[in-house]
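Reviewing the structure listed below.
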Amino acid sequence: MRFIAPQFLHLAWLALIPLALWLFRRHAKRLPVSTLLFFKSLAREHQESAWLRRVKKWLSLALTLLALFLAVFALARPSSEVGTTATKAVVLLIDRSASMAATDATGKTRLAEAVAALQQVVRSLPDQAVLTLIAFDAKPDVLLSRSRNRRECLRLLDEVKPLPIAGDAAEALATARRLAELDSGAKIWLASDTKPEGDLAFIDCALPEVVNVGLTGFQVRPSPLSGGQHEAFAKVSASAANREKVSSTLEVTLAGRPVQIRELELEPGASATLILPLESARGQRLELQLKTPGDAFGWDDALTVPLPRNRPLSVAWITDKPDPFTEIALASLIESRRIEMTRSAPDAWPPKEKPDVYVFEHWLPKTWPTDRPLIALNPTTSSGPISVKPLPGNGLPHDSLRSVLPDHPVLFRVASSRVALTQTSVLGLPASLEPLWIAGTEPVLAAGEHAGQRIIVTAFSPATSEQLALLPAFPLVLGNALYWCAETNEALASQRPMRTGELVPASGLVNWHAWNGLQFTDTSEQTTGGLLSLTHIGSWEAADGKTGTSILAAAKETNLPKRSEESPAMPELRERAIVTAASFSTWPQKLLWLLAALLLVESFLFHRKAVY
């Protein structure tokens, strides 16, 4: 046995007080009286033998000393040594990502159930157990590190709240394992709605029944070929755990006015993509809200963005032999005030003013430029990461081509199945550039990032292609390519919604128009250290004039899991949590109960049996 708080043991000297009172008690005096009948009727001890009266006095002293010692021992918190197979250290992991805000039929969130289960685990541990508490969403947050303070751990668990941020358990588990290695035999407990791989004790907090549909993708940008218009792309997905087909309504409002209503029916695990044309002035607020009967998760049902403040993209077109259809496509973008273009010959390379995007046609510079994204249209020579082998003659015509990634932003609204073109070269590309169109067995359109630079390459000639000049496919591809390349540039920075959980530079008071899972509300918060953590779904404006928007749009969070039939119910799980190989010490509680029983016995003996 050991004591958790041995500093209270010195209080045992208080036993000297009742011992001294007992040793130096007043003794009875003999006085002559006229009769003893009255006294015999009051005190039964005069009818008892002397040895019995002595035993009662010793018993009274023993009960008093025992009560005092039990109180001192309870304060010192004695604890039995646990066996070698018992858990002596525990790392508690609690998931606070967005999906943990999903509610069951009673309105209880998954996080509330996780907190209750972990609190039961903590109460079941021995007093000397080392506790570590980690809450995680996209990143882990160590709330308590290697402490024996059980009350602090319970308090911190009560303070954990769900955040509208996509979760990632990998980094949190890695942190938990590193901390567990510091204590021999440490055990990891994870409370979440999704079980990861690995050896750990898992508390399944998933919903027993799931109904959920949410927004899992969104982007808004100017329409490439329409002046003054915007296009919003939205993706709506249903959870794979839904029991049956679900009907949802998507309401689109602009500047507080309803502009569109879309009715959707989705099978479990299915998705629908919507293109929403918008006529508006810049700065107007666009709101999307999804309404589904019985929906269990509100954070993925809405988003809001201010329509972007446009400025034309700056494009440098460098070519010595311009293709007429490239010129027509770029001219249409200029007319719609989408781009500002400068055209020059290769002799003028490099330009004095840096554009947003380089467009090279039939030519590539010998020294590969890395300061801007670029589009290489039908290059004839190799340079940088691009290797080109021209085909003989006028090239190889193809009646059709195959779209490898039809959902790529460069192919947005492009009917690839109707395109016929003439391949002019065979491309050798780095692995980071993905083929978008394949003619025969070779890529003729590829896009991707190489060394942090966005690159788009084509290997066909619009002028010699039979059908390409008659379709809007090529102008759309070129317009999409310019916007996709410039997404990370200042020109389109305000148009890109950020993910919740990111940090952005901002200072002063920040005003939010945020979605709380039920409705849009206006709130404000103060930034610290010149950085704003995006912990709300909505649009924001800082005191320094910076603005932005954050969205959840996470397919992983929308795809709510259903509790496995093999997972135990929560009461049974709490019974399992009471530990593995040892019966942990509850000495303080036992001593206090024994002390209470002892006081009752002494009171009974004193008042009912006249033991004094």
Side-chain angles (χ1 to χ4, degrees), residues 1-9 11 70-96 100 110-136 140-162 172-173 175-192 200-203 205 570-596:
M1 179 185 292
R2 58 186 295 270
F3 294 96
I4 304 299
Q7 64 271 23
F8 290 103
L9 289 175
L11 295 178
L70 287 176
V72 172
F73 269 53
L75 288 173
R77 298 177 65 192
S79 177
S80 61
E81 294 290 345
V82 298
T84 56
T85 59
T87 303
K88 298 181 181 180
V90 176
V91 179
L92 304 174
L93 275 171
I94 184 166
D95 185 356
R96 66 178 180 191
M100 295 296 284
R110 303 303 84 216
L111 185 68
E113 191 151 336
V115 167
L118 287 182
Q119 285 180 335
Q120 186 66 30
V121 172
V122 172
R123 293 188 182 99
S124 305
L125 294 172
D127 292 330
Q128 71 274 22
V130 178
L131 301 173
T132 298
L133 177 60
I134 302 174
F136 71 92
D141 184 9
V142 181
L143 304 180
L144 185 68
S145 178
R146 305 185 68 241
S147 172
R148 289 187 171 90
N149 192 335
R150 185 182 305 193
R151 289 185 180 179
E152 179 68 5
C153 186
L154 294 173
R155 183 187 68 81
L156 290 171
L157 277 170
D158 273 330
E159 294 180 354
V160 176
K161 303 298 179 186
L173 284 171
T175 303
R177 291 188 177 104
R178 291 192 199 103
L179 291 171
E181 290 172 358
L182 300 178
D183 297 286
S184 177
K187 190 173 184 180
I188 299 175
W189 282 84
L190 169 63
S192 176
L200 73 166
F202 177 67
I203 300 175
C205 301
M570 199 54 61
E572 181 185 349
L573 180 62
R574 292 174 185 170
E575 289 297 323
R576 292 187 185 182
I578 297 182
V579 221
T580 51
S583 175
F584 290 124
S585 170
T586 54
W587 276 104
Q589 295 88 339
K590 293 178 180 177
L591 290 175
L592 290 175
W593 280 110
L594 185 58
L595 174 60

Item to check | Test side chain to side chain contact (heavy atoms under 4.5 Å, CB included) applied to L156 and L92, I94, L131, L143, the passing residue | outcome: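 Filter result, single survivor: L143.
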
Next on the checklist: I'd like to check L182 versus V130 (side-chain heavy atoms, cut-off strictly below 4.5 Å). Are they in contact?
Outcome noted: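 Side-chain contact under 4.5 Å: no.
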
Checklist entry - Are side-chain heavy atoms of L200 and W189 found at a separation under 4.5 Å? => result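 Sidechains of W189 and L200: no contact.
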
Checklist entry - Side chain of R123, backbone of L154: donor and acceptor closer than 3.5 Å? => result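 No, R123 side chain to L154 backbone: no donor-acceptor pair under 3.5 Å.
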
Heavy atoms only: give me the nearest [X]-[Y] pair and the separation to one decimal.
X    : Y    : answer
K161 : L111 : C-CD2, 3.4 Å
A114 : A191 : CB-CB, 3.6 Å
R110 : C205 : CD-O, 2.7 Å
A201 : K187 : CB-CE, 3.9 Å
L118 : L93  : CD1-O, 3.9 Å
V160 : R96  : CG1-CB, 4.1 Å

Checklist entry - Looking at CG of L133 and SG of C153, how far apart are the two atoms once the value is rounded to the nearest 0.5 Å? => result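 Taking CG in L133 and SG in C153, the distance rounds to 5.0 Å.
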
Checklist entry - Is it true that K88 and D183 make a salt bridge, defined as a side-chain N closer than 4.0 Å to a carboxylate O? => result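 Salt bridge absent between K88 and D183.
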
Item to check | Test: R177 and E181 ion pair at under 4.0 Å | outcome: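 Looking at R177 and E181, the cut-off is not met.
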
